[in-house]
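Read through the structure below, which is laid out as structure tokens, and then see the notes.
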Amino acid sequence: MTEFARLTAQFELSGFPEGLDALYDQYAVDYQPHALMRRGLIGELCARFDAGTQNERRLFAALDEIEGNPELLKLSNFLVNDMCAARHRLDLDDYQAMEPKKGVAHADLFSCLLLFACIEPSMQRMEKLGMPLECYEKTPFSPARRQLEKMRETGDGRVADFPWDMNFYTCSLFPMGRFNFIPFRLDDPIQVFRKGKETVAFFTEPRRIRRDGMLDGVNGQYDPEAFDIRYEEKDGVVTGWPICPAGTVEPQPRSIALSEWEMVLQKGDILMGFHIPGGAGYDPQHLRDDCLTCYEFFRKWFPEIEIKGFGSESWLYDPHLAMLLEGRGNIAMMQKQMYIYPIESGDGQVWRELYHGKRSPDEIELKSRLQKAAAAYMETGGRFTPCSMFVLAQDLSRIEQEPLYAEENVYKAVWEQMRQPLCVQEGNKT
């Protein structure tokens with residue numbers, strides 16, 4: 001048993017990515033015991049965000065417990081060190097909230113303190129790069145505010161969304177204009193080819209596709225007439241079922257010659273992910289300007305990271321939404337600036353975003369046109385399918401000028417196809 005495995009078993013700790021044993025052994029070679037964090041930071045955070053004296057004492061007691069146990073301190077210092085590096089390694093496996101189940105009295109505050117301990121070393125890393133302070137000085141304090149306000153109001157010190165908050169505490173996410181950006185390694189099994197301005201994407205692993213071009217089985221719905229797709233590369237020719245840029249898989253296969261087409265994106269490549277905060281400005285102009293700004297920013301400050309483009313997953317990329325809005329408005333305009341592809345994600349995101357997590361639209365007052373249209377669509381048996389998307393780096397300057405990856409009529413045809421819900425089987429596939 002490795003030392004890392006022994007320690008995590010001793011404290012019954014989970015929530016960390018796989019494969020840390022070797023990294024721990026490397027860290028342990030030169031390890032010198034040191035405090036988990038500067039003690040004054042807790043007082044400063046509690047005062048800044050009005051956490052209250054009682055919560056400040058709880059946090060100090062939890063910190064004393066960690067620092068008073070040499071083995072727990074060593075493990076904690078390693079985790080903080082690795083968390084600060086993980087996003088920059090572009091690991092696919094996320095950290096989750098960590099709460100020791102044995103031997104730690106203040107286990108509920110363990111994750112919170114690990115994240116607080118990431119703040120100053122992460123900011124120091126940005127400073128050593130020479131990055132202007134205004135690029136990151138506010139980043140780690142946004143989740144700290146939410147965390148301490150929650151403690152003040154409820155007494156709960158657990159971290160609700162550890163992997164997302166970790167992006168901020170480690171200064172890995174960069175707000176730029178309308179969007180927040182963070183690099184990630186593409187994990188979807190797709191390959192993308194380019195010939196001139198024409199772009200085509202394929203799934204490289206077997207998939208079963210419904211008649212409407214979406215993945216079979218999403219939302220527990222199965223199409224009795226779904227078809228199987230495959231991907232093959234042989235004698236310099238790639239054959240597969242192309243993904244339509246509007247977000248569906250086409251029903252007929254296509255072959256392309258590798259002598260004429262360049263592969264420009266595949267699983268494992270690095271994309272710049274972006275988060276879409278609520279509010280105005282979700283439009284093609286902001287997409288173009290902010291992505292270009294971010295691309296140049298990373299080329300300057302992180303030249304070792306080869307960014308192939310931008311990408312993310314969202315309910316906003318669902319072609320059903322553009323259909324309901326009749327192709328008008330920012331949601332539809334934005335979809336035409338992206339290469340959208342279906343994923344195995346159900347309509348939970350739509351319920352959270354449109355209906356505030358309620359199980360029925362009847363539970364809230366429907367105000368927006370989209371809320372009303374989506375509710376009417378679901379009454380007919382319709383479901384929603386969030387999608388992923390990418391925009392290649394070489395296309396950023398063309399955003400807003402025209403639909404990037406297909407003609408206007410292609411998007412309209414897909415949106416029309418979404419209008420009538422399929423007759424599908426609910427539940428397990430038979």
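No donor-acceptor pair closer than 3.5 Å links the side chain of H286 to the backbone N or O of R178. Not a single donor-acceptor pair under 3.5 Å links the side chain of Y339 to the backbone N or O of V192. Between the side chain of Q371 and the backbone N or O of L354 there is at least one donor-acceptor pair closer than 3.5 Å. A donor-acceptor contact shorter than 3.5 Å links the side chain of Q349 to the backbone of W315. Side chain of T8 to main chain of A5: a donor-acceptor pair is present (N/O by atom type, distance under 3.5 Å, no hydrogens or angles). A distance-only check finds a donor-acceptor pair linking the side chain of R185 to the backbone of G268 [under 3.5 Å]. The closest donor-acceptor contact from the side chain of D156 to the backbone of R158 lies under 3.5 Å.
Put simply, the side chain of M334 reaches to within 4.5 Å of the side chain of M338, judged on heavy atoms. The closest side-chain heavy-atom distance from L13 to L75 is below 4.5 Å. By the 4.5 Å heavy-atom criterion applied to side chains, E149 and R152 are counted as neighbours. By the 4.5 Å heavy-atom criterion applied to side chains, T248 and I243 are not counted as neighbours. M214 places none of its side-chain heavy atoms less than 4.5 Å from the side chain of D223. Between V391 and Y405 the shortest side-chain heavy-atom distance falls below 4.5 Å. Under the 4.5 Å side-chain criterion, counting only non-hydrogen atoms from C-beta, M323 is not in contact with Y411. Using a 4.5 Å heavy-atom cutoff, the side chains of L265 and L392 are in contact.
A salt bridge links R87 with D94: the distance from a Lys NZ or Arg NE/NH1/NH2 to an Asp or Glu carboxylate oxygen falls below 4.0 Å. Between R89 and D82 there is a salt bridge, since a side-chain N of the basic residue sits under 4.0 Å from a carboxylate O of the acidic one.
Aromatic ring centroids of F168 and F141 lie 6.0 Å or more apart. A ring-centre distance under 6.0 Å is found for F78 and Y27. Ring centroids of F181 and F297 are separated by 6.0 Å or more, keeping the two rings apart. Ring centers of F384 and Y377: under 6.0 Å apart, within the cut-off. Taking the six-membered ring for Trp and the full ring otherwise, F202 and Y341 have centroids separated by 6.0 Å or more.
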Residue pair H275, W164: steps toward the ring pair (Phe, Tyr, Trp, His ring centres under 6.0 Å) verdict: CA-CA 10 Å; H275 169 63; W164 177 244; 4.6 Å; yes

Stepwise, does the ring pair (Phe, Tyr, Trp, His ring centres under 6.0 Å) test hold for F310 with F179? CA-CA 12 Å; F310 289 70; F179 303 103; 9.6 Å; no

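For the ring pair (Phe, Tyr, Trp, His ring centres under 6.0 Å) with F174, the qualifying choice from W301, Y136, F298, Y295 is F298, the only one to do so.
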